[in-house]
**Q** 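Would you mind keeping the following structure in view while I ask a few things?
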Amino acid sequence: MQKTIMAVTGDETAATGDMPTYQIRAPPTSLPQGVVVAASPGSLHSPQQLAEEATRKRELRLMKNREAARECRRKKKEYVTCLENRVAVLEKQNKTLIEELKALKDLYCHKAE
DNA sequence: AACTTCTCTCGTCATCGCCG
DNA sequence: CGGCGATGACGAGAGAAGTT
């Protein structure tokens with residue numbers, strides 16, 4: 001299993017405040033850079049050529065899945081961040097409502113006396 | 001300082017569901 | 001039904017944090 005040297009990407013996703021499109025399918029993307037387009041399959045004959053083609057297909061699949069996994073993780077992170085923001089907002093709202101209720105109760109009690 | 005443990009990130013595989 | 005993208009699960013590597 002090969003390990004490539006990878007730069008630390010950091011978290012480039014900022015919370016948007018809105019709920020993200022976590023489940024929405026991304027539009028088809030163009031091929032990532034570095035991908036070599038194969039010769040047409042019809043032009044392949046020898047076992048070696050077939051093996052090379054199989055290897056190329058596997059590498060292409062791995063590359064695409066690598067990208068897909070990155071995108072999937074990015075979206076998931078964004079989704080979680082948005083949920084956390086929402087929790088914060090709702091907690092604040094809840095606190096305000098509790099204060100308001102308390103104030104109204106006090107007012108009502110003093111009137112009753 | 002050397003080590004262990006924890007945490008994060010990544011790539012890969014297996015699987016699922018959708019689309020043509 | 002086959003191909004393909006999305007995603008959960010898993011293991012590996014790197015760096016941070018804790019321990020001796």
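Here is how names work: the chains are called A, B, and so on, in the same order as the sequence lines, proteins then strands, and each is numbered from 1. Both backbone and side-chain heavy atoms feed into the values below; hydrogens, waters and symmetry mates do not.
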**Q** Which whole-number value in Å describes the distance from A:Leu60 CG to B:dT12 C1'?
**A** 15 Å
**Q** Of the nucleotides B:dG11, C:dT7, B:dT9, which one has an atom closest to the side chain of A:Arg70?
**A** B:dG11
**Q** In whole Å, I'd like the distance from the CZ atom of A:Arg73 to the P atom of C:dA9.
**A** 12 Å
**Q** Is any side-chain heavy atom of A:Arg58 less than 4.5 Å from a side-chain heavy atom of A:Arg61?
**A** yes
**Q** Let me know the distance between CZ of A:Arg66 and P of C:dT7, rounded to the nearest Å.
**A** 19 Å
**Q** Between atom CG of A:Asp106 and atom CG of A:Leu101, what is the distance when rounded to the nearest 0.5 Å?
**A** 9.5 Å
**Q** Starting at NZ of A:Lys64 and ending at P of C:dG3, how long is that distance when rounded to a whole Å?
**A** 13 Å
**Q** Taking the side chain of A:Lys77 as its heavy atoms from C-beta onward, which of C:dG5, B:dT12, B:dT9 lies nearest to it?
**A** B:dT9
**Q** Tell me whether the OP1 or OP2 atom of C:dA6 has a side-chain N or O from A:Lys76 closer than 4.0 Å.
**A** no
**Q** I want to check something: taking the side chain as every heavy atom from C-beta on, are A:Glu59 and A:Met63 in contact at a cut-off of under 4.5 Å?
**A** no
**Q** For A:Glu52, which residues count as a side-chain hydrogen bond (donor to acceptor under 3.5 Å, both in side chains) partner, sequence neighbours excluded?
**A** A:Gln48
**Q** Among the candidates C:dT7, C:dG5, B:dC13, find the nucleotide nearest to the side-chain atoms of A:Leu62.
**A** B:dC13
**Q** A:Arg58 has a side chain; which of C:dT7, B:dG11, B:dC13 sits nearest to it?
**A** B:dC13
**Q** Counting Watson-Crick and G-U wobble pairs whose two distances are both under 3.5 Å, find the runs of 3 or more in a row that involve DNA chain B.
**A** B:1-20 with C:1-20
**Q** In chain order, what residues pass the side-chain contact (heavy atoms from CB on, under 4.5 Å) check against A:Leu90, with sequence neighbours excluded?
**A** A:Arg86, A:Gln93
**Q** Hey, which of A:Lys95, A:Glu100, A:Glu99 is the one that makes side chain to side chain contact (heavy atoms under 4.5 Å, CB included) with A:Leu97?
**A** A:Glu100
